[in-house]
K.L.:
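My questions will all concern the structure given below.
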Amino acid sequence: MAGRAFLCHHQGLVAITPFSSISRRNSFLTPNHFRGLGRSPKAAPAAISTSTCLRCSLGSDGENTNANKVEPFVLTTPLYYVNAPPHMGSAYTTIAADAIARFQRLLGKKVIFITGTDEHGEKIATAAEANGRSPREHCDTVSNAYRMLWKDLDIAYDKFIRTTDPRHEGIVEEFYSRVFNNGDIYRADYEGLYCINCEEYKDEKELLANNCCPMHLKPCALRKEDNYFFALSKYQKMLEEYFKSNPDFVKPAFRLNEVQGWIINGLRDFSISRSSVEWGIPVPTDDKQTIYVWFDALLGYVSALLDKDVQPSLEKAVGAGWPASLHLIGKDILRFHAVYWPAMLMSAGISPPKMVFGHGFLTKDGMKMGKTLGNTLEPKDLVDRFGSDAVRYFLLREIEFGNDGDFSEERFININNAHLANTIGNLLNRTLGLLKKNCQSTLAINSTTAAEGNKFKDTVENLVNKAKIHYENLSLSSACESVLEIGNAGNIYMDERAPWSLFKQGGSSYETASKDLVLILEAMRIIAVALSPVAPNLSWRIYAQLGFSKDEFEATTWSDTRWGGLKAGSVMAEPKPVFARIESRNDGEEGIVEATEKMSKAKKKNRNQGLVQA
């Protein structure tokens, strides 16, 4: 689907999701709205069982052609709406998705991480005209801005789909035709109050005085259109059965109750075309209408699976990795992904995605964000000032994934200083410093041998196992906390053992101190692997200081979190800070120290190498 909104307010919050509340919250139709102009929807076929996974039924022989294939982990962000540049909501979702994808790769899974841009609709044509550009030029510019931001944020996506791609348009047309031939699309008049900014019809019950949109505080205009509709109501019972059989389909669990409430209250058919919008894919059966977002952008999740050298077809796209393992979205578009999309797929004979996860909204300093308040949060500005590791870590550590969260620059600075600069960075720096001073930066013993009879190893192993479970459960904040606890344990161990004193004593105490440094550095190595989904560049810098090459770091898997990676005789790198402490400038304005500014400049200079000098 499309990320249809940028920094829009909903109940006093700014959507941290890429589809904030401007996104297509379609009007749910009442019987009074319809005057049928074509055939009405057929009754739902009772023979279809939703207890079965509804694997793609596109093959002519009915056999499972993917039986011998390794099933990929397919992860998607929304396709972001290009009516305006990227904002903090789209950045947050994509950072979270990237962390999940990186973790799954560490597990050895074949990952297909899909993101992209939704490029059709009235608002895009209007925005393009306002900037003196054609819709295509406008889409090219904004879509490229997303790609550049993802590069700055170290987003390692596998597929970037644009809904203006002709290959995507062919998939949309084929999908539409399948649903149409199944009797689930019909034509009817619709008349109602239409919000141009939201690009949707509004129910009078949700409007403010003078029929003003509660989102944009502007009057909605009365509009009458002859559109095509999808018979969602036909799938009422099928969806009810599907949710009973698949209780993990919607996460977090508390959002499942919300979705089931929508279904129990009754499903209404919804419009899937527009007669007044030219910038879109023409309806296959009526070139005077264009396909609306539901039957366009949502299909991007499927069309993105096609390889470039493959002749596009719906069957080939589905066979390349569908169903998706996880749709990562904002809670304000949950209805469309958890209700509309599964019904559409069922109509086309295709299995629904395995899971839809709806995360929360973001405020800034406890207040909603907006241009009028002057408190918008620009992701590119944050990355340029602080670097990608700081932005990624704060958002994933401080916001309990699935809930709403708040951004405070003061807390942003404090958290990154305390966790990354002090707990992790300083521990590595002082350990390597002691090793250089007393052992010529060379490990005296294998980490496995050094840990014999030592409980510190057990503590580290327990925490890294907890981190794995948290990652698997999409509890990203808790995963960060478990990894940080390894650093805390290392600092406590260092302070208790005081190896600097043992070195001075010489003899067996010297050997004990040498072992202690190996133990702490082994814990740092494990931290580097376990934290790499969240802060990949920081993790690489840690790994590099432990004497490993970039190729060795990129080849790591989660099995490398097992104790025993450091070997006797290995030479560590020259100790230097892996994360520069963020300071406040003298004039009271929060800023960054010279070292961090250098890091940001170095990142831009060495972007292709992916190495940040701190």
Side-chain angles (χ1 to χ4, degrees), residues 1-4 18-19 23 56 58 66 69-82 86 90 93-94 96-98 100-102 104-105 109-121 139-140 142-147 149-151 155-176 178 280-281 291 293-329 333 336-337 340-342 344-345 348 350-357:
M1 148 161 195
R4 291 283 175 170
F19 307 86
S23 65
C56 175
L58 298 174
N66 297 321
K69 292 184 179 180
V70 176
E71 188 172 309
F73 184 91
V74 179
L75 166 67
T76 73
T77 72
L79 305 190
Y80 303 113
Y81 201 41
V82 297
S90 50
T93 307
T94 312
D98 184 68
I100 295 167
R102 287 176 183 271
Q104 292 293 329
R105 292 189 190 107
K109 302 248 186 99
K110 176 188 176 183
V111 174
I112 304 177
F113 173 18
I114 296 170
T115 188
T117 45
D118 169 16
E119 304 183 8
H120 291 130
C139 292
D140 289 345
V142 180
S143 183
N144 185 62
Y146 274 98
R147 288 178 181 266
L149 179 60
W150 296 168
K151 195 172 185 179
I155 305 299
Y157 58 82
D158 299 290
K159 304 275 189 176
F160 190 100
I161 182 68
R162 298 180 59 182
T163 59
T164 50
D165 185 337
R167 293 161 60 84
H168 167 77
E169 294 182 9
I171 298 299
V172 169
E173 291 168 356
E174 188 176 348
F175 184 88
Y176 182 98
R178 284 187 61 85
I281 301 173
I291 294 176
V293 59
W294 317 124
F295 272 67
D296 180 0
L298 284 169
L299 266 296
Y301 300 143
V302 178
S303 63
L305 292 168
L306 285 168
D307 290 329
K308 291 183 179 180
D309 58 349
V310 173
Q311 185 67 27
S313 73
L314 184 58
E315 181 176 359
K316 291 177 180 177
V318 170
W322 195 261
S325 306
L326 175 64
H327 283 332
L328 195 58
I329 61 167
I333 52 165
F336 313 127
H337 284 76
Y340 288 21
W341 183 221
M344 290 162 54
L345 289 165
I350 303 173
S351 142
K354 296 178 182 178
M355 182 184 293
V356 176
F357 189 102

K.L.:
Determine the sole option in Thr117, Ile161, Leu298 for which the side-chain contact (heavy atoms from CB on, under 4.5 Å) test with Leu79 is passed.
P.N.:
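It is Ile161, the one option of Thr117, Ile161, Leu298 that forms the side-chain contact (heavy atoms from CB on, under 4.5 Å) with Leu79.
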K.L.:
Roughly how far, to the nearest 0.5 Å, is CD1 of Ile155 from NZ of Lys151?
P.N.:
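Result: 13.5 Å between the selected atoms.
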K.L.:
Give me the atom names and distance for the closest heavy-atom approach of Glu174 to Leu314.
P.N.:
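Result for this residue pair: OE1-N, 2.9 Å.
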K.L.:
Judged by modelled atom types alone, do Tyr80 and Thr94 share a side-chain donor-acceptor pair under 3.5 Å?
P.N.:
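Their side chains do contain a donor-acceptor pair, which is all the 3.5 Å distance test asks for.
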K.L.:
Determine the minimum heavy-atom distance between Ser325 and Pro72, stating which atoms define it.
P.N.:
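Looking at all heavy atoms of both residues, the shortest contact is OG-O, 3.7 Å.
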K.L.:
State whether a side-chain donor-acceptor pair under 3.5 Å links Glu119 with Thr164.
P.N.:
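Yes.
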K.L.:
At what distance, to the nearest 0.5 angstrom, does CZ of Phe113 lie from OH of Tyr157?
P.N.:
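That separation rounds to 9.5 Å.
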K.L.:
Any side-chain donor-acceptor pair under 3.5 Å between His120 and Tyr81?
P.N.:
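No - no donor-acceptor pair under 3.5 Å links their side chains.
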K.L.:
Write down the atom of Arg102, the atom of Ala156, and the distance for their closest heavy-atom approach.
P.N.:
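That closest heavy-atom pairing would be NH2-CB, 3.7 Å.
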K.L.:
Can you tell me how far the CE atom of Met344 sits from the CZ atom of Phe175, to the nearest 0.5 Å?
P.N.:
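Between Met344 CE and Phe175 CZ, I get 4.5 Å after rounding to 0.5 Å.
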K.L.:
Salt bridge between Asp165 and Lys308, side-chain N to carboxylate O under 4.0 Å?
P.N.:
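A salt bridge is absent here (no side-chain N lies under 4.0 Å from a carboxylate O).
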K.L.:
Which pair of non-hydrogen atoms, one from Ile171 and one from Pro312, has the smallest distance, and what is that distance?
P.N.:
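For Ile171 versus Pro312, the nearest heavy atoms are CD1-C, 4.4 Å.
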K.L.:
Can you tell me how the ring of Tyr176 sits relative to the ring of Phe295, calling it parallel under 30°, perpendicular over 60° and tilted otherwise?
P.N.:
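Tyr176 vs Phe295 ring planes: perpendicular.
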K.L.:
Of the non-hydrogen atoms in Leu328 and Thr93, which two are nearest, and what is the gap between them?
P.N.:
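The pair with the smallest heavy-atom distance is CD2-O, 3.6 Å.
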K.L.:
Using modelled atom types only, decide if a donor and an acceptor are shared between the side chain of Gln104 and the backbone of Lys109 within a distance under 3.5 Å.
P.N.:
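Checking the backbone N and O of Lys109 against the side chain of Gln104, no donor-acceptor pair under 3.5 Å is found.
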K.L.:
With the threshold set at 4.0 Å, does a side-chain nitrogen-carboxylate oxygen contact exist between Arg162 and Asp140?
P.N.:
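Between Asp140 and Arg162 there is a salt bridge, with a charged N closer than 4.0 Å to a carboxylate O.
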K.L.:
Hey, mind stepping through His168 and Ile281 against side chain to side chain contact (heavy atoms under 4.5 Å, CB included) and telling me if it holds?
P.N.:
CA-CA 10 Å; His168 167 77; Ile281 301 173; 4.3 Å; yes
K.L.:
Using the test side chain to side chain contact (heavy atoms under 4.5 Å, CB included), find all partners of Asp307 that sit at least two apart in sequence or belong to another chain.
P.N.:
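Lys159, Asp309, Val310.
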K.L.:
Give me the atom names and distance for the closest heavy-atom approach of Ala304 to Ile114.
P.N.:
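So the minimum-distance heavy-atom pair works out to CB-CG2, 3.6 Å.
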K.L.:
Nearest 0.5 Å please: distance from the NE2 atom of His337 over to the CE atom of Met355.
P.N.:
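The CE atom of Met355 is 15.0 Å from NE2 of His337, to the nearest 0.5 Å.
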K.L.:
With sequence neighbours excluded, tell me which residues meet side chain to side chain contact (heavy atoms under 4.5 Å, CB included) with Pro353.
P.N.:
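Expected list: Phe249, Trp322, Ala324, His327, Trp341, Leu345, Val356.
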K.L.:
Short question: side chain of Thr115, backbone of Phe160 - any donor-acceptor pair under 3.5 Å?
P.N.:
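Judged by distance alone, no pair lies under 3.5 Å.
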